[in-house]
Amino acid sequence: MSNLVLSAPLKGWIAPLDETPDAVFAERMLGDGLAIDPLGSTLHAPCDATVVTVHRARHAVTLRAANGAEILMHVGLETVALNGEGFTVFVKEGQAVKAGDKLLGFDLDLLAQRARSLITPVVVTNLDAFEIVRRDQDREIEVGDFLMELSPANLKKGGGAASAGPVSTGEVAREVVVPLVHGIHARPAARIAETARKFVAEVALVAVNRRASAKSPVGVMSLAVRHGDTIQVVASGLDADAAILAVAELIESGMGEGGPVSAQASAPAVAVVEAVPTVPVDLPRDGVLKGVLAAPGLAIGKAVRLASADIVVREAGEGVAHEEAALTAALDLVRARIEKAAAQEGAHGGDKARKAILGAHLAFLEDPELSAGARRLIGEGKSAGYAWRKSVGGYVEALRGLGDRRLAERVDDLVDLERQVLRALSGEDEDGPTLPPGSILLADELLPSQLMGVDPGLVAGFATARGGPTSHVAILAAAMGIPAMVALGGAVLKVKDGATLILDADSGVLRVAPDAPALEAAQTALAQRQERKAAAKAAAHDACVTKDGTRIEVFANTGSLNDARAAVANGAEGSGLLRTEFLFLDRETPPDEDEQARQYQAIASALDGKPLIIRTLDVGGDKAAPYLPIPAEENPALGLRGVRVSLWRPHLLKTQLRAILRVKPLGQCKIMVPMVASLDELRAVRAVLDEARREMGVVEKIDLGVMIETPAAAMTADLLAAEADFLSVGTNDLTQYVLAMDRGNPELAARIDALHPAVLRMIDLTCKGAAKHHRWVGVCGGLASDVAAVPILLGLGVTELSTTASIAPEVKARVRGLSLESCRSLAAQALDQTSPEAVRALVKSFGA
Ligand code: PEP
Ligand code: MG
């Protein structure tokens, strides 16, 4: 083998590795080489090579040259903590690059402020195979200048990147859950290798069927082990037990980078995950089952049980070529079916929710990792079905293990896809069930494709033993206007086919085989509901004034241009909450000022001059934006979210405020700040707003309001109202914080009721605080869409309700039937109730 010359990957000053202020590099734990103090902001390939790994945090790249030399380039020190912020990646793992090709770009200024050091080590990690025979030092270099020369040495064992392979016989193994917040990146990989090398035993790490020598830092890194992953430390040879103990304990110690590992994450990573079906339990004597609202409404119908037949797959394949071809054909077939369904949606003008779900299924189907995982297993002799199930299973486990409920609820999409491909492989057609009209579907879990496959005209509702209220199937049900409940538990599986059911999703109750009076009452309620709805819809565009002449504004919440159109169509008098997140989520970079200005203008224009309250960005918590690397938080609901994010990244806030200030006519708009906890935050936002106005020469005043979503804001509403132009209560968050109940937890969903007297007292305080300064108070949280709550909110002093568009006509109709006087006395009584149930009972007995 001939020598290999590496050219400078970066413009900068060359320094000896010893000067790197990090023992991992200075002590050559990762390998030998040089460090560069960068003067440029692009990292280039130092030779022709293949990209072995690009770290998830985009700060480090490893290349393998044709002669096997592995070169790690690590931009800055402790830059893993930036989670990718400030970095751009130009290459993919597995890609061939030529010397001089661009690998990474980085924001030198940002790194200078945020990283421990900019010094960029360039090291050869498999020094057992190569030695450095010449290297440059202590001078300024340009990209492409000579850097060092490597000469092949005698090959020893233990190097190399990860390879596929499970634990084999003769090896001992121990499972560990990785507590390192940033997973196993360069530094911990080096320490693991250093520890493993102290033993003669062969030591390896196995992660989701990929295996790497623990003595090779690059191999370990290329496993891309994340925080919370379960991996195995395996060893064979003389001192295997001691080696395993040392490596496992090192990893479990967290190496100073520990963090919380969610309970779910401790499941074995290699196991094929199959949903454990809910155990059926006996029906309660009264036939009343409690569950969680997934889509609102009331339905009476007959039970139709949907049981998903188990799909059995053979483990052994019938030859790699045969199984490969079978998998390709099945994937093609499912893709064609989904594309056809999506095209039909498009042709019909389509339903947003259905299109989004089909799009998600298609994206999963095209995920190269998913099919690559399956093809790897086929290569090991497994059948296409087994390989597909196992590959999807790994993903399902990973999503469940992230501890992020929103992602965990995407699991049903993956399971759905698993089933569709397995069916295609088995050659069976996905026949929808034959349904009689008025069917109420009962299932352990319902998959989106199952619901999309039924005739909505025949389905009156559905109820499932498991599932979450924000799952795709719940969103779909709401979009189809089908009342639905989830999380009813195993008893729902004991309901007999054909049993009469009353599904009262709004109250979270499913009545099985109700007696005649209950059935009659439900039929009356249903008829009244339909009548009321029709009448309200007919009067949707009429004015909204109470019987005694008080003007109440009924607005609608929006999150897109379509929502704005729906608001107007439903008679809403404006939008009391534009959730601007729609523009910021699910993309790699934030929208710039022009894009935002265009979108806000389009929404304002669609509202036809009606008021538009634009909420500044409310991300964080359960709404993640990839370009905002919010550090891992133990409790995201109490972490960096809402206005805290805007003030953490003021340039984003400034851009957003500038975009809002460009809307014409500006007088149509107001600005509202989410998650405020203290007056300082409002002042800080106002300062940025004033600066933006000055820069743009905007003299027109624009109202700046505050959302009341934290107990702190409600308690100090009088202080906030002294400087805010209006207050708007976000009851979704306010309720979760007042009751200390996670708004996304399906277990708590039935108890997290904004009509709890504690929440009402907070709204009361808000209205009193606002009144001191003659400010108006609105409600834009879910309580505004709860028709039962309307008289209480009016009685407390709320004068604007921003609802879900479809409910706006009913809320307007309710307001028209109320007198403020009687609302006030109702509200006073509500504040003295001891439970939300008591408040609801009180409202029921209230006339007008
Ligand atoms: C709320 O919290 O009530 C609210 C309107 O904001 P979001 O639901 O978007 O958090
Ligand atoms: Mg909120």
Side-chain angles (χ1 to χ4, degrees), residues 293 405-406 469-470 474-475 478 554-560 563 567 572 574-586 603 612-625 630 635-646 656 670-677 681-682 685 705-714 717 720 726-745 748-749 752-756 758-760 762-763 766 777-786 789-790 793 796 798 800-805 807-808 811:
L293 168 80
R405 190 164 299 109
R406 224 165 55 106
T470 57
I475 295 168
V554 175
F555 290 169
N557 293 345
T558 51
S560 67
D563 288 352
S575 176
L577 164 63
L578 170 61
R579 288 184 166 100
T580 56
E581 298 82 79
F582 78 100
L583 259 170
F584 287 82
L585 301 174
D586 296 328
I603 289 169
L612 169 61
I613 303 182
I614 304 179
R615 174 171 78 181
T616 56
L617 185 58
D618 186 18
V619 291
D622 63 348
K623 300 175 209 163
I630 293 174
N635 203 338
L638 303 181
L640 261 183
R641 53 165 303 195
V643 68
R644 298 168 196 173
V645 172
S646 293
Q656 182 166 38
K670 298 184 197 329
I671 298 170
M672 179 160 82
V673 188
M675 281 298 295
V676 167
E681 290 160 331
L682 174 65
V685 174
V706 158
M707 282 188 80
I708 304 293
E709 298 183 280
T710 63
L720 291 168
F726 62 92
L727 308 181
S728 181
V729 186
T731 50
N732 307 335
D733 276 313
L734 184 62
T735 307
Q736 89 162 335
Y737 296 123
V738 168
L739 301 184
M741 288 185 186
D742 181 347
R743 63 190 268 190
N745 186 333
L748 298 174
I752 181 161
D753 188 340
L755 276 184
H756 192 295
V759 181
L760 296 180
M762 289 283 168
I763 301 175
T766 304
V777 176
V779 172
C780 61
L783 195 61
S785 301
D786 184 342
V790 171
L793 294 176
L796 291 173
V798 170
E800 179 248 33
L801 297 165
S802 195
T803 73
T804 304
I807 206 87
V811 171

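Just so you know, ligand 1 is whichever comes first in the structure, and atom 1 is the first atom listed for that ligand. This structure is a prediction, so every number in the text was calculated from the model and none was measured.
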Which of the atoms of ligand 1 are close to Gly781, meaning less than 4.0 Å from one of its heavy atoms?
->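 Counting atoms of ligand 1 from 1, those under 4.0 Å from Gly781 are 3 (O), 5 (C).
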With atoms numbered from 1 as shown, which atoms in ligand 1 lie under 4.0 angstrom from a non-hydrogen atom of Leu577?
->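 Ligand 1 atoms under the 4.0 Å threshold to Leu577: 5 (C).
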Counting backbone and side chain alike, does Asp618 bring an N/O/S atom below 2.8 Å of the Mg ion (ligand 2)?
->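 Looking at Asp618, which is the residue asked about, there is no N, O or S atom under 2.8 Å from the Mg ion (ligand 2).
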In this structure, which one of Leu577, Val645, Asp733, Asp618 forms a side chain to side chain contact (heavy atoms under 4.5 Å, CB included) with Pro674?
->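 Only one option passes, and that is Asp618.
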If we ignore angles and hydrogens, is there a donor and acceptor under 3.5 Å between the side chains of Thr616 and Ser646?
->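 No, no side-chain donor-acceptor pair sits under 3.5 Å.
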Rounded to the nearest 0.5 Å, what's the gap from CG on Leu720 to CG on Leu727? Could you check?
->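 Answer for the CG-CG pair, Leu720 versus Leu727, is 6.5 Å.
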Can you tell me the protein heavy atom closest to atom 6 (O) of ligand 1 and the distance?
->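 Checked against all protein heavy atoms, atom 6 (O) of ligand 1 sits closest to Arg615 NH1, 2.9 Å.
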Using a 4.5 Å cut-off on heavy atoms from C-beta on, say whether the side chain of Met675 contacts that of Met707.
->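 Side-chain contact under 4.5 Å: no.
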Side chain, backbone, both or neither: which part of Arg743 comes within less than 4.0 Å of ligand 1 when only heavy atoms are counted?
->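 Answer for Arg743: side chain.
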Determine, stepwise, if the pair Thr580 / Gln656 fulfils side chain to side chain donor-acceptor pair (under 3.5 Å).
-> CA-CA 9 Å; Thr580 56; Gln656 182 166 38; 3.0 Å; yes
Which is the closest N/O/S atom of Asp733 when seen from the Mg ion (ligand 2)?
->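 Relative to the Mg ion (ligand 2), the closest nitrogen, oxygen or sulfur of Asp733 carries the name OD2.
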Please find the N/O/S atom of Glu709 nearest to the Mg ion (ligand 2) and write down its name.
->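 Checking each N, O and S atom of Glu709, the shortest distance to the Mg ion (ligand 2) belongs to OE2.
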Among the heavy atoms of Gln736, does any lie under 4.0 Å from an atom of ligand 1?
->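 No.
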Would you name the heavy atoms of Arg743 and Ile752 that are closest together and state the gap between them?
->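 For Arg743 versus Ile752, the nearest heavy atoms are CA-CD1, 3.8 Å.
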